[in-house]
Structures are given as C-alpha cells and as structure tokens.
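Worksheet: one structure, shown below.
This chain uses plain numbering: 1 for the first residue, then up along the sequence. In this text, all values refer to a predicted model and were calculated from it rather than measured experimentally.
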Amino acid sequence: MVIVWINGAFGAGKTTTARELIELIPNSTLFDPEVVGAALTQLLPAKHLAEVGDFQDLPIWRRLVVDTAAALLAELGGVLVVPMTLLRQEYRDEIFGGLAARRIPVRHVLLAPAETILRERIAGREVPPDLPDGEMRVRQWSYDHIEPYRAALSWLAADAHPVDTSALTPYETAVRVAEAVRTGDAPVCDIVQTPEPTAETVAAGVLLFDDDDRVLLVDPTYKAGWEFPGGVVEAGEAPARAGMREVTEETGITLDEVPTLLVVDWESPAARAYGGLRLLFDGGRLDEQAVRGLLLPGPELRGWRFVTEQEAADLLPPVRFERLRWALRARERGAALYLEAGVPLG
C-alpha cells in the first residue's frame with residue numbers, strides 16, 4: 001500500500017494528471033480530499049466555517065484526510081493517488097506524519113510548470129456552470145495562491161520530486177509520474193513514523209540551556225507546535241534514559257550524566273488523546289561547542305532554537321508552557337514539583 005501525493009499550485013493540472021495516472025498504475029484508486037472539504041461544508045455550522053478562510057485550516061479536515069486515505073487503502077489496497085495542493089509545511093507534516101504513523105508510505109510529487117504557463121492554464125480553466133460567480137471566484141482563487149506557492153517552493157523543492165509540466169499534456173505528465181514512482185526517482189517521503197497511542201503513555205522531555213540560560217525548543221514534523229527534546233518512554237525503559245536517548249536521536253547531543261528530575265505532570269485524557277505522565281528533566285547547560293554540534297533538522301525536526309521564558313510562551317501550547325514554567329521554578333528552587341494538567345499540587 002502506498003500513496004502518490006500530487007502537489008502543485010492551484011491550476012497546475014493535478015486532478016487531470018491523477019485521472020490519467022490511475023490508468024497507468026495497476027490497482028490504483030483516485031482520492032480527492034476536496035470531497036472531504038465539501039462534506040464538511042454540509043456537516044459543520046456555518047459560523048464555524050466562517051472562522052477559517054480555507055477548509056485546510058480546519059483540524060478536522062486534516063484528520064479526516066488521513067483517516068479516509070487509511071480506510072480506503074485498508075478496503076482496497078494497492079496505490080492511492082491523491083491530487084491536493086499543500087502549501088503550508090506544518091499541514092504537510094501533520095498529514096504525512098499521520099499517514100506514516102499508520103505505516104503508509106507517501107511518494108510526494110510536485111507538478112511545476114513555468115509561471116507563465118500556469119497563468120495561461122488558470123485563464124483557460126473550466127468552471128462548473130452551476131457555481132455562482134464561478135469563473136471569477138475559481139480563477140481568482142488560483143491567481144491569489146501563486147505567491148504562497150512561490151513561498152512554499154523553498155521547502156517543496158527539497159521535499160517533493162519535481163516534474164516540469166510546462167510542455168506536457170496531462171497524459172504525458174502522468175507517464176512521467178508513473179515512471180518516477182516505478183523507478184524510485186520519487187522516493188518515499190522521509191518523515192518520522194510515530195504510532196498514535198492506544199493507552200496512557202509516559203513521556204520524558206529534557207531541558208537544555210545555553211550560556212544565557214535560554215532553553216532549547218524543537219519544532220517536530222510529526223505534530224503541531226514546538227516542544228522540548230524528548231519522547232515516549234519505551235517498554236522496560238527508564239524515563240531519564242529515554243530522555244537521554246531522545247536528545248541524542250533528535251539533536252545529536254550525547255548527555256554524559258543522567259539528568260535531574262524537575263517536574264512530573266499528569267496530563268488528563270481528552271477526546272482522541274489518552275494522556276499520561278509527562279516528565280521534564282534538567283539536562284544542564286550546553287557549551288558553545290555543543291551548540292555548534294547541534295544537528296540540522298532531519299526527518300523528526302523542522303527546526304530548533306534557544307528561547308527565553310517569555311518567548312516560549314508564544315511558541316508552546318498553553319499546557320506545555322505551564323509545564324515549562326514550573327520546571328524553571330523547580331530548577332531555581334532545587335526541588336522537583338508534581339503537577340496535574342500543568343498546575344502544581346502539594
């Protein structure tokens with residue numbers, strides 16, 4: 001089972017290429033996530049829909065795309081061809097990470113015609129006759145997203161296999177894509193596989209500081225929001241050792257000493273989340289040489305930075321920031337704290 005995700009600017013010819021592609025790849029099925037967006041317009045209250053400019057901004061859309069793709073592959077097997085523009089890297093990470101968590105590999109292809117050709121295709125794009133003001137709305141939408149597409153090329157070019165479609169018909173483009181998939185020129189997307197939990201978990205994070213006492217945060221590819229280096233404790237693994245292992249895997253830094261416990265935080269179960277214990281340890285201060293040795297972001301990380309407590313408040317989700325805030329107080333006092341949902345008790 002595999003997904004061929006066809007990305008590109010609005011108007012690049014993704015859907016027409018996808019229709020040709022399923023005729024070329026045996027046992028393949030077309031799945032257009034636009035269908036999920038259309039369904040949500042019927043299911044969600046109009047007031048809720050009005051709060052977003054694009055259904056991709058709805059977390060439920062991103063989750064349903066993953067769930068629907070996984071369900072289709074479980075039902076049909078084979079190859080799922082998905083024509084969908086993804087210009088926000090965090091949305092790509094969330095969707096591809098969700099698929100990777102289900103052990104579904106994704107081959108990411110980018111249709112990249114020259115901009116002049118793209119504009120010509122948008123001008124000649126067919127518009128549904130029953131759509132009010134369709135010609136103006138559909139074409140203007142495509143024109144408006146050319147600039148975001150340009151901006152996204154900085155990461156798309158490194159992430160997806162490009163196919164220049166400037167002089168190609170949809171069929172010729174599909175032939176190129178099918179060949180790239182067959183030969184492996186369009187490789188499986190390199191993203192961490194993190195299975196969703198099926199019960200409460202224990203997770204260990206490690207706080208690392210620079211000479212200015214700023215704390216290291218990382219931006220993982222497999223979930224939204226900034227985080228501390230760390231991860232889920234594996235069966236039979238000591239939490240502090242798990243934190244040390246995760247630090248090495250994510251940043252390349254090897255801690256010589258077992259870190260000191262700062263907080264134990266109980267995260268309550270919530271909808272589609274099991275919660276569990278979250279531990280934060282003090283990994284100490286990194287010297288300049290260690291900081292220079294930090295790995296560039298790889299499959300698990302989009303980026304990293306050292307931040308002050310105030311800067312962390314703007315990057316971390318509220319509960320995670322409260323965990324950090326109390327960990328810093330525990331570090332100052334030299335005594336560990338017990339929290340429940342980020343609130344100290346006792």
Could you pull out the closest heavy-atom pair between M84 and P33, with the gap in Å? SD-CB, 3.7 Å

What are the two closest heavy atoms between R323 and L339, and how far apart are they? CA-CD1, 4.2 Å

When you look at D93 and R62, which way does the salt bridge (charged side-chain N to carboxylate O under 4.0 Å, His left out) test go after all the steps? CA-CA 11 Å; D93 291 342; R62 303 192 295 274; over 6 Å; no

Considering only residues two or more places apart or on different chains, which pairs with a residue in residues 242-265 satisfy ring pair (Phe, Tyr, Trp, His ring centres under 6.0 Å)? none

Which pairs, with at least one residue in residues 19-36 and sequence neighbours excluded, count as a salt bridge (Lys or Arg N to Asp or Glu O under 4.0 Å)? none

Exam field: side chain T169 to backbone E172, donor-acceptor pair closer than 3.5 Å: yes

Which atoms form the tightest heavy-atom contact between L73 and V79, and what is the distance? CD2-C, 4.4 Å

Would you name the heavy atoms of A312 and L324 that are closest together and state the gap between them? CB-CD2, 3.5 Å

Side-chain donor-acceptor pairs of residues 232-244 under 3.5 Å, sequence neighbours excluded:
| residue | atom | partner | partner atom | Å |
| --- | --- | --- | --- | --- |
| E237 | OE1 | E234 | N | 3.0 |
| E237 | OE1 | R245 | NH2 | 3.0 |
| E237 | OE2 | R245 | NE | 2.7 |

Could you go step by step and tell me if I60 and L43 meet the side chain to side chain contact (heavy atoms under 4.5 Å, CB included) rule? CA-CA 11 Å; I60 188 175; L43 296 172; over 6 Å; no

Please enumerate all residues that pass ring pair (Phe, Tyr, Trp, His ring centres under 6.0 Å) together with W61, with sequence neighbours excluded. F55

Linking directly or through intermediates, with side-chain heavy atoms under 4.5 Å: list the remaining ILVMFWY members grouped with Y171, chain and number order. L24, V175

For W304 versus V291, what's the shortest heavy-atom pair and its separation? CH2-O, 4.4 Å

Closest heavy-atom pair and its distance - W326, G342: CD1-O, 3.3 Å

Is there a donor-acceptor contact under 3.5 Å from the side chain of D265 to the main chain of R278? no

Pairing residues for D164 by the side-chain contact (heavy atoms from CB on, under 4.5 Å) criterion, not counting sequence neighbours: S166

Pairs involving residues 148-163, ordered by first then second residue, that meet salt bridge (Lys or Arg N to Asp or Glu O under 4.0 Å) (sequence neighbours left out): R92-D159, E115-R150, E147-R150

Ignoring hydrogens and angles, write down the donor-acceptor pairs under 3.5 Å from the side chains of residues 202-218, residues two or more places apart or on other chains.
| residue | atom | partner | partner atom | Å |
| --- | --- | --- | --- | --- |
| D210 | OD1 | D212 | N | 3.0 |
| D210 | OD1 | D213 | N | 3.1 |
| D210 | OD1 | R214 | N | 2.8 |
| D210 | OD2 | R214 | NE | 2.7 |
| D210 | OD2 | R214 | NH2 | 2.7 |
| D213 | OD1 | R285 | NH2 | 2.5 |

Say whether L76 and W5 are linked into one hydrophobic cluster, either directly or through other cluster members, by side-chain heavy-atom distances under 4.5 angstrom. yes

According to side-chain contact (heavy atoms from CB on, under 4.5 Å), who are the partners of A152, at least two apart in sequence or on a separate chain? L87, W155, L156

Report the C-alpha separation of D219 and E90 in whole Å, then their side-chain angles, then the decisive distance to 0.1 Å, and conclude whether the side chain to side chain contact (heavy atoms under 4.5 Å, CB included) test is met. CA-CA 10 Å; D219 187 9; E90 64 268 29; over 6 Å; no

Can you name the residues that form a side chain to side chain donor-acceptor pair (under 3.5 Å) with S28, not counting sequence neighbours? none

Among R329, R325, R331, which residue satisfies the salt bridge (Lys or Arg N to Asp or Glu O under 4.0 Å) criterion with E309? R329

Just checking E51: does its CD atom have more than 12 heavy atoms from other residues, nucleotides or ligands closer to it than 6.0 angstrom? yes

The side-chain contact (heavy atoms from CB on, under 4.5 Å) partners of A186 (sequence neighbours excluded) come to V109, H161, A180

Side-chain heavy-atom pair T16, P83 within 4.5 angstrom cut-off: no

Would you say E332 has more than 12 foreign heavy atoms packed within less than 6.0 Å of its CD? yes

With A9, which residues qualify under side-chain contact (heavy atoms from CB on, under 4.5 Å), at least two apart? L118, Y149

